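Following: one structure in structure tokens, then a few remarks.
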2 protein chains.
Amino acid sequence: MKPLILITNDDGITSKGIGFLVNIMHQIGEVVVVAPDSPQSGMGHAITIHDPLKYYESDIFSELGIKAYQCSGTPADCVKLAKNHILDRLPDLVVSGVNHGSNSSVSILYSGTMSAALEATIEGLPALGFSVCDYSYDAEFDHTKELVSEIAKKVIEKGLPSGTALNVNFPKVSDEPIKGFKYCRQAKGKWQEEFDERTDPSGRRYLWLTGKYVLFDEGNDTDEWAINNNYASVVPVKIDLTDHDYLQKLLSE
Amino acid sequence: MKPLILITNDDGITSKGIGFLVNIMHQIGEVVVVAPDSPQSGMGHAITIHDPLKYYESDIFSELGIKAYQCSGTPADCVKLAKNHILDRLPDLVVSGVNHGSNSSVSILYSGTMSAALEATIEGLPALGFSVCDYSYDAEFDHTKELVSEIAKKVIEKGLPSGTALNVNFPKVSDEPIKGFKYCRQAKGKWQEEFDERTDPSGRRYLWLTGKYVLFDEGNDTDEWAINNNYASVVPVKIDLTDHDYLQKLLSE
């Protein structure tokens with residue numbers, strides 16, 4: 001039996017990135033797509049509690065013979081819905097993306113793409129999130145094709161530790177091919193916000209959240225370093241948020 | 001100068017839990033409240049990108065002489081807005097809650113309460129999230145009063161490691177007083193979902209997400225153990241999600 005691969009994302013089922021991922025995974029296993037019906041970027045690990053969820057079968061990938069469902073919920077909802085309601089067997093791999101835009105460093109905490117991967121990890125499933133550092137609607141993905149295929153096959157074959165997923169970020173396309181994978185840690189940084197203040201036609205104030213990423217980390221073992229040096233960054237990430245070092249210190253006081 | 005304490009939550013500015021927290025923090029320092037104008041439970045670490053943010057001054061805590069603002073965004077938005085737009089100096093402490101319902105174990109990943117605390121951590125501010133294991137609208141909080149005050153004062157005095165916040169969960173009120181704090185790790189578990197499927201008046205299917213928490217962890221060093229044994233659990237939690245152990249293994253292969 002071919003491995004079953006569940007695909008989701010946070011840019012929505014019609015985005016270019018998920019179509020790219022479907023085409024690659026279709027070469028590796030049996031694919032089912034359960035993805036949001038509209039873009040969910042910045043949704044973090046949101047789940048839908050106070051509203052009902054709706055989902056419909058979609059024919060968007062029917063030319064490939066692939067079953068696809070579009071869901072009114074968040075990326076994390078899609079994984080819950082797929083595993084507990086739609087699929088009739090457990091997937092061998094859950095892949096999320098390819099996201100239009102970076103989810104490296106601290107962006108992982110805001111990332112719908114990675115929240116879907118982490119939801120799969122909570123459910124005990126091996127999971128990968130893919131992102132390309134290109135926020136545009138028609139982002140270029142082809143330069144990542146071999147690497148996406150390679151790491152997906154590797155995770156199907158070797159698995160991942162319980163409680164751990166992989167956060168994979170690719171540099172934007174350039175004249176040089178990507179140099180390969182670099183295993184690394186999450187860089188320290190933050191989004192430095194600015195609030196663009198405006199007034200609506202009724203005279204009420206409103207704000208647009210804008211900002212730029214600021215890196216605090218000079219290490220050459222981080223995801224930011226890898227991406228800036230034309231590597232694909234691979235950060236193993238945990239659903240256990242405990243600061244075990246500080247916990248030991250607190251317990252010994 | 002009295003310490004400046006920023007208060008937010010995810011149940012919204014009118015919830016009982018935030019009013020309880022405001023009254024305690026008012027005894028400790030100068031308080032400013034920036035909180036969502038409506039309940040945000042289950043929002044995870046969502047931020048508002050595609051919609052404008054609005055906020056208004058509220059007189060909800062004016063009897064205490066406390067400035068309060070209600071914001072159209074998520075808990076993480078409230079912290080960003082407060083630090084970068086509303087406050088004229090850096091807060092000495094950010095407290096989020098008290099949440100109506102548990103945020104222990106894996107629930108931290110879905111928690112708006114803790115996403116506000118973690119957002120403050122990203123911003124380099126000492127932060128605490130408080131939750132009581134009682135989901136009701138009129139949850140009882142008074143049994144936690146001394147402990148909330150004690151740990152807030154301790155964090156103002158001693159600080160926290162860079163990149164780490166505290167996730168504090170209290171048991172529901174019972175005949176016995178809470179036995180005190182227990183420093184512990186995040187328990188392994190998950191929410192076992194069920195989807196309650198219904199049909200709307202037009203014949204379209206929709207689902208409500210329901211579920212119950214399942215604990216996989218028999219350790220007596222976890223937050224779940226602490227709460228079930230009438231302790232307040234204190235889990236130090238990191239914004240660095242890197243699985244450093246597995247990273248070392250990958251790098252040595």
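It should be emphasised that the depicted structure is a prediction, and the values quoted were computed from it without experimental measurement.
More than 12 non-hydrogen atoms from other residues, nucleotides or ligands lie less than 6.0 angstrom from NZ of B:Lys190. Within a 6.0 Å sphere centred on NZ of A:Lys179, heavy atoms belonging to other residues, nucleotides or ligands number more than 12.
Distance check: A:Trp208 CH2 to B:Leu53 CG gives 9.0 Å after rounding to the nearest 0.5 Å. Atom CG of A:Asp245 sits about 9.0 Å away from atom OG1 of B:Thr164, to the nearest 0.5 Å. The CG atom of B:Leu207 sits 13.5 Å away from the NZ atom of A:Lys80 when rounded to the nearest 0.5 Å. Rounding to the nearest 0.5 Å gives a distance of 6.5 Å between CG of B:Leu109 and CG of A:Leu118. In this structure, B:Glu253 CD and A:Tyr183 OH are separated by 6.5 Å, a value rounded to the nearest 0.5 Å.
Interface with chain A: from residues 154-161 of chain B, residues B:Gly159, B:Leu160, B:Pro161 qualify, criterion being any non-hydrogen pair under 4.5 Å.
Between A:Glu119 and B:Tyr110, some side-chain heavy-atom pair lies under the 4.5 Å cut-off. Residues A:Tyr246 and B:Lys238 fail the side-chain proximity criterion, which asks for heavy atoms closer than 4.5 Å. B:Asp221 is not listed as a side-chain neighbour of A:Leu247, based on a closest heavy-atom distance of 4.5 Å or more. The closest side-chain heavy-atom distance from B:Leu241 to A:Asn167 is not below 4.5 Å.
Note: A:Arg205 leads A:Lys182, A:Arg198, A:Arg205, A:His244 in heavy-atom pairs under 4.5 Å with chain B. When the candidates A:Gly163, A:Cys184, A:Gly189, A:Ser162 are compared by the number of heavy-atom contacts under 4.5 Å with chain B, A:Cys184 comes out ahead. With chain A as partner, the option from B:Leu250, B:Val234, B:Val235 having the largest number of non-hydrogen pairs under 4.5 angstrom is B:Leu250. The candidate with the highest count of non-hydrogen atom pairs below 4.5 Å against chain B, out of A:Ile239, A:Asp200, A:Asp223, A:Asp196, is A:Ile239.
If you measure heavy-atom distances from B:Glu194 to chain A, you find no contacts under 4.5 Å at all. Within the 4.5 angstrom heavy-atom criterion, only side-chain atoms of A:Gln192, from C-beta onward, approach chain B.
Scanning for ring pair (Phe, Tyr, Trp, His ring centres under 6.0 Å) contacts around B:Phe195 gives A:His85, with sequence neighbours left out. For B:Lys83, the side-chain hydrogen bond (donor to acceptor under 3.5 Å, both in side chains) partners are B:Glu123, not counting sequence neighbours. With sequence neighbours excluded, no residue satisfies ring pair (Phe, Tyr, Trp, His ring centres under 6.0 Å) with B:Tyr231.
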